[in-house]
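Naming: A, B, ... by sequence-line order, numbering from 1 per chain. None of these values were measured; they are calculated from a predicted model.
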Amino acid sequence: MIAPDWFRDDRLPHIYCTGCGNGTVINCTLAAVEEMGWKRDETVFVSGIGCSSRAPGYILTDSLHTTHGRALAFATGVKMARPDLHVVVFTGDGDLAAIGGNHFIHACRRNVDMTVICMNNHIYGMTGGQGSPTTPAGAISTTTPYGMSEPAFDLAELAVAAGANYVARWTSYHVKELTKAVAAGLQTPGLAFIEARTQCPTNYGRHNKLRRVSDMIEHLRSHAILVQKHDRLVAEGKPIPEGAFTVGELVRRNRPAMGVQR
Amino acid sequence: MKLVIDESRCKGCNLCVLVCPYGIFQEGTELNSRGIVTPVLDRPERCTNCRLQALYGRMLCGVCHMICPDQAINWVEEKPFEPHKVEVEF
Ligand SMILES: Cc1ncc(C[n+]2csc(CCOP(=O)(O)OP(=O)(O)O)c2C)c(N)n1
Ligand code: SF4
Ligand code: SF4
Ligand code: SF4
Ligand SMILES: [Mg+2]
């Protein structure tokens with residue numbers, strides 16, 4: 001269950017658009033935190049800039065709403081200065097993988113002990129729908145009016161390659177699985193990266209024939225395939241369905257981590 | 001327990017309509033005082049969580065509560081004398 005007393009009730013309802021998936025990701029994160037039994041004054045939420053990055057502002061703990069792309073740099077600082085605190089980062093695809101791309105790979109490489117939750121809506125939501133490094137090929141955005149011609153980053157695979165100790169991907173439709181993945185991430189020493197694919201009906205859906213929230217959710221649901229199934233299809237030499245992305249736990253390992261309190 | 005939608009928070013996205021296995025949420029038709037069409041509840045006493053939360057001492061199902069992006073779905077204690085119809089589905 002979502003920890004109800006972790007919300008800043010006076011700030012709700014939040015500014016997110018009708019049907020925006022970010023609110024669901026906050027729910028799942030707070031449910032996982034509740035499961036861990038963490039205390040509010042031992043937990044810090046850190047974020048950069050973007051719709052997704054506004055999340056800590058609705059949570060009743062100390063938080064840092066930092067500059068665009070730099071959430072991980074600030075979070076690393078918090079963890080190094082106070083390894084006794086639980087550090088959770090909320091970020092967006094633009095914040096994490098465009099302007100913050102270098103911080104992302106190096107935080108994973110250093111394996112800093114924190115949990116990073118990326119609300120990947122494949123777009124710069126806050127600034128009006130410009131293409132991001134995760135905008136799928138062919139998708140329309142305000143900066144790609146003829147369709148995105150560049151290939152997209154797979155954020156979860158990037159975190160695996162860069163060295164994070166725990167990596168999982170789910171969507172804002174898979175609320176139970178996402179909650180479990182965040183909880184697993186919170187428990188893991190070292191950097192845990194959870195990519196939550198979310199819907200941005202306003203700035204992504206509207207331009208890509210997914211105007212209704214239900215269409216966006218259906219798109220996420222029907223294009224998600226379990227990692228195990230994906231691997232089986234590959235082993236059998238069968239084709240991967242068009243536009244499909246893997247969901248589930250991508251890695252759980254024990255590389256040396258930084259900032260773990262002994 | 002009684003299922004309620006917080007009218008001061010709901011933005012009418014109808015995600016709850018999409019996920020409830022009992023079809024308890026139905027798309028609304030009327031604007032509320034905030035100018036939002038919130039879903040209407042169809043016999044909410046059928047919800048597993050309404051019926052069994054107190055007995056099991058934990059949240060059951062709860063997917064509407066989890067997916068609601070606006071934290072608008074909750075359960076409140078009922079007054080002991082509040083009349084309600086219970087339909088048990090097997
Ligand atoms: C240094 C700097 N460059 C650019 C911006 C403008 N800006 C604000 S939010 C944003 C993109 C956010 O995209 P994302 O991280 O995906 O968040 P979303 O809104 O989609 O959740 C940009 C480019 C800024 N605030 N600061
Ligand atoms: S612009 Fe997109 S990401 Fe931002 S609040 Fe609206 S729906 Fe959510
Ligand atoms: S999911 Fe929440 S915000 Fe959306 S219609 Fe249902 S109660 Fe309202
Ligand atoms: S808890 Fe489950 S059964 Fe009850 S209203 Fe929500 S989705 Fe429906
Ligand atoms: Mg984004």
Looking at A:L64, A:V116, A:V46, which hits side-chain contact (heavy atoms from CB on, under 4.5 Å) with A:V87?
A:V46
Engaged part of [X] at the chain B interface, taking heavy atoms whose separation is under 4.5 Å:
X	result
A:I217	side chain
A:C20	backbone
A:Y58	neither

Charged N-O contact under 4.0 Å between A:E177 and A:K180:
no
B:R9 bridged to A:D9 by N-O distance under 4.0 Å:
yes
Report which part of [X] has an atom under 4.5 Å of a heavy atom belonging to chain A: side chain, backbone, both, or neither.
X	result
B:M66	both
B:C16	neither
B:I67	both
B:D70	both

Output the option from A:V213, A:I26, A:L30, A:L12 having the highest count of non-hydrogen pairs under 4.5 Å with chain B.
A:L12
Mind running side-chain contact (heavy atoms from CB on, under 4.5 Å) on A:V182 and A:L178 for me, showing each step along the way?
CA-CA 6 Å; A:V182 175; A:L178 179 60; 4.3 Å; yes
Using 30° and 60° as the class boundaries, would you call the ring planes of A:F90 and A:F45 parallel, tilted or perpendicular?
parallel
Under the 6.0 Å and 45° cation-pi test, does A:R169 pair with A:F245?
no
